[in-house]
Visitor: 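Quick one: this structure, given as structure tokens, is what I'll be asking you about.
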Number of protein chains: 2
Amino acid sequence: MNKMTTEVCTIKEMCDLYRVTPRTLRFYESKELLFPIREGQRRLFTRRDRARLKLILQGKRFGFSLENIRQLLNLYDIGDQQKTQLAKTYELATERLMVMVDQKNELTTAIQDLKEMLQWGEKILDSRGIKIEKQPKKRAGNNH
Amino acid sequence: MNKMTTEVCTIKEMCDLYRVTPRTLRFYESKELLFPIREGQRRLFTRRDRARLKLILQGKRFGFSLENIRQLLNLYDIGDQQKTQLAKTYELATERLMVMVDQKNELTTAIQDLKEMLQWGEKILDSRGIKIEKQPKKRAGNNH
DNA sequence: CATTACTATTACGTTAACGTCAACTATGAC
DNA sequence: GTCATAGTTGACGTTAACGTAATAGTAATG
């Protein structure tokens with residue numbers, strides 16, 4: 001239609017933009033999460049695909065399964081047409097939120113329990129004159 | 001030795017005591033997490049096995065992998081003999097704790113983000129006159 | 001003796017989300 | 001032509017922690 005090639009991007013550009021692998025994008029397409037158009041054989045990802053991918057990655061952060069995300073994206077697409085769809089999306093998100101809150105609570109108590117065990121261990125070690133090396137603030141983003 | 005059959009218990013008794021399946025116990029044995037003695041073919045779980053199983057289940061709560069738990073149990077068994085082993089256990093637990101804290105933080109922000117999305121959704125739904133059914137406080141501990 | 005209740009071993013199935021590899025195709029540079 | 005680069009499809013591999021048969025043995029009970 002026009003020359004704005006930034007309207008679509010290749011698989012590699014997508015990978016660089018969103019830090020995913022080609023395999024991931026093809027996988028998402030096979031799962032009907034993305035619908036890149038084809039230029040011959042090649043995939044070209046549109047603005048819509050980019051928007052969807054953003055939502056997919058967000059969804060993963062929230063712990064939704066890909067299948068769940070697919071459903072949510074479909075509801076999104078239908079959009080305003082059916083009110084009930086929006087409510088359904090809301091409901092799914094609410095359920096997910098409750099699960100996450102539960103997980104957080106479990107994690108909180110588990111952390112507490114483990115901390116107590118560690119304190120107990122410190123006493124034992126200390127009573128035997130073993131020194132505890134305090135971890136030197138492990139660096140995040142360590143490339144192996 | 002004596003008549004106290006409560007010293008050891010059968011696989012079924014173990015299952016009832018710790019709410020696991022026979023498959024799980026056999027699996028743990030195959031992974032060298034448990035070492036039941038044999039009466040002919042049958043497995044008999046000793047006090048030691050019960051203690052280990054308790055620790056295994058605790059470890060799972062903390063998110064340790066079974067392989068990790070196996071190593072920890074081995075260190076436990078060796079016990080006082082080698083000081084370094086205790087320190088190693090302590091170290092592993094500390095690492096695990098840090099991972100858990102990270103997870104909790106991620107979960108906390110994810111929850112926050114999702115809550116914001118939900119509030120946004122509520123406004124949209126509200127502006128369209130769609131009523132939101134507040135979940136009737138889902139019951140925890142629901143035995144299916 | 002037959003049935004029922006447990007148990008054992010072996011081995012393949014499950015789930016999610018990709019990774020890895022092989023074999024091919026298409027395109028542009030030189 | 002041919003080398004390099006990027007892309008494609010297809011299919012099998014991976015990981016964890018068991019689940020699920022299928023088959024067989026053993027023991028107590030009626």
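Because the structure is predicted, anything quoted here is derived from the model rather than measured. The figures here come from the full heavy-atom set of this structure, side chains too, leaving out hydrogens, waters and symmetry mates. Proteins get letters first, then strands, A, B, ... in listed order; numbering begins at 1 in each.
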Visitor: Rounded off to whole Å, could you give me the CZ-to-C1' distance for the A:R38 and C:dA26 pair?
Guide: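 Taking CZ of A:R38 and C1' of C:dA26, I get 14 Å after rounding.
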
Visitor: A:F35 and A:I56: same hydrophobic cluster, using ILVMFWY side-chain contacts below 4.5 Å?
Guide: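 Shared cluster, no.
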
Visitor: Would you say A:R47 has more than 12 foreign heavy atoms packed within less than 6.0 Å of its CZ?
Guide: no

Visitor: If you restrict it to nitrogen or oxygen atoms, what contacts under 3.5 Å exist between nucleotides 16-20 of chain D and the protein, and what is each distance?
Guide:
residue, atom, partner, partner atom, Å
D:dA17, OP1, B:L66, N, 3.4
D:dC18, OP1, B:K60, NZ, 3.3
D:dC18, OP2, B:Y28, OH, 2.6
D:dC18, OP2, B:K60, NZ, 2.7
D:dG19, OP2, B:T21, OG1, 2.8
D:dG19, N7, B:R23, NE, 3.1
D:dG19, O6, B:R23, NH2, 3.2
D:dT20, O4, B:R23, NE, 3.2

Visitor: Does CD in B:E39 sit with more than 12 non-hydrogen atoms of other residues, nucleotides or ligands closer than 6.0 Å?
Guide: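 No, the 6.0 Å shell around CD holds no more than 12 heavy atoms from other groups.
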
Visitor: Report the distance from atom CG of B:L44 to atom P of C:dT7, rounded to the nearest whole Å.
Guide: 10 Å

Visitor: Grab the CD-C1' distance between A:E13 and D:dA6 for me, whole Å please.
Guide: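 Going from A:E13 (CD) to D:dA6 (C1'), I get 12 Å.
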
Visitor: Let me confirm one number: the CZ-OG distance from A:R96 to A:S65, rounded to the nearest 0.5 Å.
Guide: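 So the CZ of A:R96 and the OG of A:S65 are separated by 8.5 Å.
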
Visitor: Are B:R26 and B:E29 close enough for a salt bridge, meaning some N to O gap below 4.0 Å?
Guide: no

Visitor: Counting only heavy atoms not in B:R38 (residues, nucleotides, ligands), do more than 12 fall under 6.0 Å from its CZ?
Guide: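 Check passes, neighbour count above 12.
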
Visitor: Measure OH/A:Y18 against P/C:dC18 and give the value in whole Å, please.
Guide: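 Interatomic distance, OH of A:Y18 to P of C:dC18: 16 Å.
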
Visitor: With a non-hydrogen cut-off below 4.0 angstrom, is A:R26 in contact with a base, only sugar-phosphate, or nothing?
Guide: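 Result for A:R26 = base.
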
Visitor: Checking all strands, does A:K12 fall into the base, sugar-phosphate, or nothing category for heavy-atom contacts under 4.0 angstrom?
Guide: sugar-phosphate

Visitor: Would you say the side-chain atoms of A:D49 pair up with the backbone N or O of A:T46, donor to acceptor, closer than 3.5 Å?
Guide: yes

Visitor: Would B:V20 and B:M14 count as a side chain to side chain contact (heavy atoms under 4.5 Å, CB included) here? Give the steps.
Guide: CA-CA 8 Å; B:V20 292; B:M14 285 290 275; 5.6 Å; no

Visitor: Between B:R42 (CZ) and D:dA28 (C1'), how many Å, whole number?
Guide: 11 Å

Visitor: Whole-Å distance between D:dA6 C1' and A:L25 CG?
Guide: 14 Å

Visitor: I need the full list of salt bridge (Lys or Arg N to Asp or Glu O under 4.0 Å) pairs touching residues 102-114 of chain B, with sequence neighbours left out, sorted by first then second residue.
Guide: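 Pairs touching residues 102-114 of chain B that pass the test: A:R61-B:D113.
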
Visitor: Using only side-chain N and O atoms of B:R43, determine if any of them is under 4.0 Å from OP1 or OP2 of C:dT7.
Guide: no

Visitor: Please give the angle, rounded to 10 degrees, between the axes at the start and the end of the helix from C:dC1-D:dG30 to C:dC30-D:dG1, where five pairs define each axis.
Guide: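 Terminal axis comparison yields 30°.
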
Visitor: Between C1' on C:dC24 and CD on A:Q41, what's the gap in Å once rounded to a whole number?
Guide: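 To the nearest whole Å, that distance equals 10 Å.
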
